[in-house]
There are 2 protein chains.
Amino acid sequence: MTATRKKAAKHASPDLSHETICTAALELIDEEGLEAFSTRKLGRRLGCEAMAIYWYYPSKDVLLDAVVEKLMVGVGVAIADKASDDWISTLRDLAHAYRRVAHEHPKAFPLLATRRFASEGTFAFLDQLFALAREQGIDDKLTAKFYRVVSSYCSGFALNELAAPRGPQDLRTAALRKRFPRVESVSEWLEPKYLDEIFTFGLELQLAALERATRTEPAS
Amino acid sequence: MTATRKKAAKHASPDLSHETICTAALELIDEEGLEAFSTRKLGRRLGCEAMAIYWYYPSKDVLLDAVVEKLMVGVGVAIADKASDDWISTLRDLAHAYRRVAHEHPKAFPLLATRRFASEGTFAFLDQLFALAREQGIDDKLTAKFYRVVSSYCSGFALNELAAPRGPQDLRTAALRKRFPRVESVSEWLEPKYLDEIFTFGLELQLAALERATRTEPAS
DNA sequence: ACCTGAACACCGTTCAAGT
DNA sequence: ACCTGAACACCGTTCAAGT
């Protein structure tokens with residue numbers, strides 16, 4: 001009785017699992033940012049000692065891999081709804097869904113761009129994508145090439161969008177912009193309202209090239 | 001006498017300055033990685049208390065901005081040697097020089113891709129680049145668009161290259177690749193030896209589009 | 001099987017004090 | 001002006017111990 005009361009007083013029932021820990025981790029990152037995220041704070045949020053987490057995940061690093069997986073599985077689900085069997089339009093949907101993650105989880109997104117895919121779910125995701133390419137008669141080399149080019153572009157673009165006002169630094173950059181008017185005048189065209197258009201422009205450039213490449217070298 | 005001896009015993013003479021601190025910081029990051037980098041280790045390397053650094057830089061964050069600046073100024077110098085007045089070929093040289101930083105400073109590079117430019121030197125760098133575009137009669141909007149597209153691509157590509165064997169994880173991914181043969185067979189085309197070609201392919205795609213755009217909308 | 005608690009070896013940063 | 005040293009409020013992780 002007193003035991004259960006104590007637990008309740010500790011913010012939440014422990015009720016730990018890979019799922020609850022990983023979900024809480026993403027929430028904490030969303031709220032406080034990657035720098036501020038710690039296993040100790042996560043413990044507090046889950047109502048347990050930080051060390052309890054280590055029974056489920058061997059290290060913070062592996063936990064972060066799980067968060068990456070969670071986000072990428074979300075992307076996979078998002079494009080599965082469309083369910084096109086055209087690889088080019090799948091890649092297009094994927095690119096937009098990936099960028100949407102950056103907008104929905106701005107503080108967690110750098111994980112995706114920075115860490116190697118290293119989990120079951122992320123590999124399953126890639127497997128699905130590459131399987132579709134092969135069904136379309138696109139060979140592995142072309143698949144690899146365009147996957148790398150498109151995914152690099154998307155990662156970099158989203159990261160650029162998010163390399164954001166880190167607090168009072170904004171004042172510093174504002175002062176610098178005044179002193180470098182050419183940077184100022186070009187930067188005006190990089191305001192958020194223009195970014196959808198620019199992103200799509202660059203993406204379509206690549207997809208058009210893919211289309212040309214698949215026509216030149218058709219299904220074997 | 002005993003005082004100087006003590007100092008000498010502490011690895012190096014303090015001899016602090018913005019330059020020495022920033023240079024040592026980059027060296028330390030190159031050697032030990034971003035995660036392991038700390039102001040306390042930096043102090044040890046410089047032969048001073050960690051807190052001495054705070055007289056020159058108000059925070060670790062600002063020091064890292066200075067490291068970013070140092071690297072970007074290096075990129076600026078590298079392309080200044082070429083000294084072409086054609087914006088497209090300058091952008092090409094820039095892209096390759098930027099990626100070279102990723103190879104020369106693999107552990108520091110994520111800073112460049114992750115942090116907003118926020119210092120004198122980085123702004124001067126952009127100013128120079130944008131000035132050249134204007135001299136060529138390329139308007140601010142087109143400059144902004146292609147700068148963003150190309151720089152995003154380069155950041156993302158280099159980051160992908162570097163999202164690297166984080167120690168024993170390599171075993172985990174090796175096991176996963178076995179279980180997902182389609183990922184395996186596509187990944188073979190993403191080995192380091194192919195990456196120069198893929199990078200150049202994607203880059204030239206974008207530069208060709210820029211060339212078309214400047215012909216359509218010539219100098220005013 | 002699952003979780004706690006103390007302990008270890010670290011962090012960034014503040015601030016009073018020294019020279 | 002430049003640097004030290006103690007202190008504060010944190011970290012990730014190990015490990016013996018509890019239930």
Side-chain angles (χ1 to χ4, degrees), chain A residues 1-22 24-25 28-29 31-67 107 111 115 166-169, chain B residues 1-22 24-25 28-29 31-67 107 111 115 166-169:
Chain A
M1 236 253 206
T2 39
T4 38
R5 277 206 122 201
K6 246 185 193 169
K7 274 184 179 178
K10 276 207 174 188
H11 215 207
S13 59
D15 198 17
L16 298 183
S17 70
H18 291 267
E19 249 302 287
T20 55
I21 293 171
C22 184
L28 190 52
I29 293 168
E31 288 169 20
E32 307 206 4
L34 225 34
E35 300 283 78
F37 173 74
S38 76
T39 54
R40 293 171 113 113
K41 276 184 193 158
L42 183 55
R44 253 169 269 150
R45 167 181 282 256
L46 289 163
C48 68
E49 294 291 315
M51 295 69 204
I53 292 160
Y54 285 76
W55 198 88
Y56 296 89
Y57 294 98
S59 68
K60 187 185 179 182
D61 207 63
V62 173
L63 172 55
L64 291 178
D65 283 342
V67 173
K107 299 189 182 163
L111 285 176
R115 299 173 79 86
R166 297 192 307 285
Q169 252 90 342
Chain B
M1 238 251 204
T2 40
T4 37
R5 278 206 121 202
K6 245 185 193 168
K7 273 183 179 176
K10 275 204 175 188
H11 216 204
S13 58
D15 200 16
L16 298 183
S17 69
H18 291 266
E19 249 302 288
T20 55
I21 293 172
C22 184
L28 189 54
I29 293 168
E31 287 169 22
E32 307 206 6
L34 225 34
E35 301 281 79
F37 172 76
S38 75
T39 54
R40 292 170 113 113
K41 276 185 194 158
L42 184 54
R44 250 169 270 150
R45 167 181 281 258
L46 289 163
C48 67
E49 295 291 315
M51 295 67 202
I53 293 160
Y54 285 77
W55 198 88
Y56 296 89
Y57 293 99
S59 69
K60 187 186 181 182
D61 206 64
V62 172
L63 171 56
L64 291 177
D65 284 341
V67 173
K107 300 190 182 162
L111 285 176
R115 301 172 79 86
R166 295 193 308 284
Q169 253 90 342

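Naming convention: chains lettered A, B, ... in sequence-line order (proteins, then strands); numbering from 1 in each chain.
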Q: Return the stems involving DNA chain D, sorted by first number, where pairs are Watson-Crick (N1-N3 with N6-O4 or O6-N4) or G-U wobble (N1-O2 and O6-N3), both under 3.5 Å, and runs are 3 or more long.
A: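 Consecutive-pair runs (3 or more) involving DNA chain D: C:4-8 with D:12-16, C:12-16 with D:4-8.
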Out of curiosity, [X] [atom1] to [Y] [atom2], how far, rounded to the nearest 0.5 Å?
X       : Y       : atom1 : atom2 : answer
B:Glu35 : B:Ile29 : CD    : CD1   : 11.5 Å
A:Met51 : A:Arg40 : CE    : CZ    : 4.5 Å
A:Ile53 : A:Leu42 : CD1   : CG    : 4.0 Å
B:Leu16 : B:Leu46 : CG    : CG    : 6.0 Å

Please state how far atom [atom1] in [X] lies from atom [atom2] in [N], giving the value in whole angstrom units.
X       : N     : atom1 : atom2 : result
A:Glu49 : C:dA7 : CD    : P     : 14 Å
B:Leu16 : D:dC2 : CG    : C1'   : 9 Å
B:Asp15 : D:dC2 : CG    : C1'   : 13 Å

Q. Given the rule in the side-chain contact (heavy atoms from CB on, under 4.5 Å) test, do A:Glu31 and A:Arg45 qualify, once you have shown the distances and angles that lead to the verdict?
A. CA-CA 12 Å; A:Glu31 288 169 20; A:Arg45 167 181 282 256; 2.6 Å; yes
**Q.** Heavy-atom protein contacts under 4.0 Å, nucleotides 12-19 of chain D, coded B base, S sugar-phosphate only, - none
**A.** BBB-----
**Q.** Residue pairs involving residues 32-63 of chain A (criterion ring-ring contact (aromatic ring centres under 6.0 Å, His included); sequence neighbours excluded)
**A.**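 Output for this query lists A:His18-A:Tyr56, A:His18-A:Tyr57.
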Q: Check B:Leu28 against B:Ser38 and note the closest heavy-atom contact, atom names and distance.
A: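 Between these two residues, the closest heavy atoms are CD2-O, 4.2 Å.
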Q) In terms of side-chain heavy atoms of B:Cys48, which of C:dT4, D:dT4, D:dC2 is nearest? A)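 Per side-chain heavy atoms of B:Cys48, the pick is D:dT4.
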Q: Say whether, by atom type as modelled, one donor and one acceptor occur between the side chain of B:Lys41 and the main chain of B:Ala36 under 3.5 angstrom.
A: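 Judged by distance alone, yes, a pair lies under 3.5 Å.
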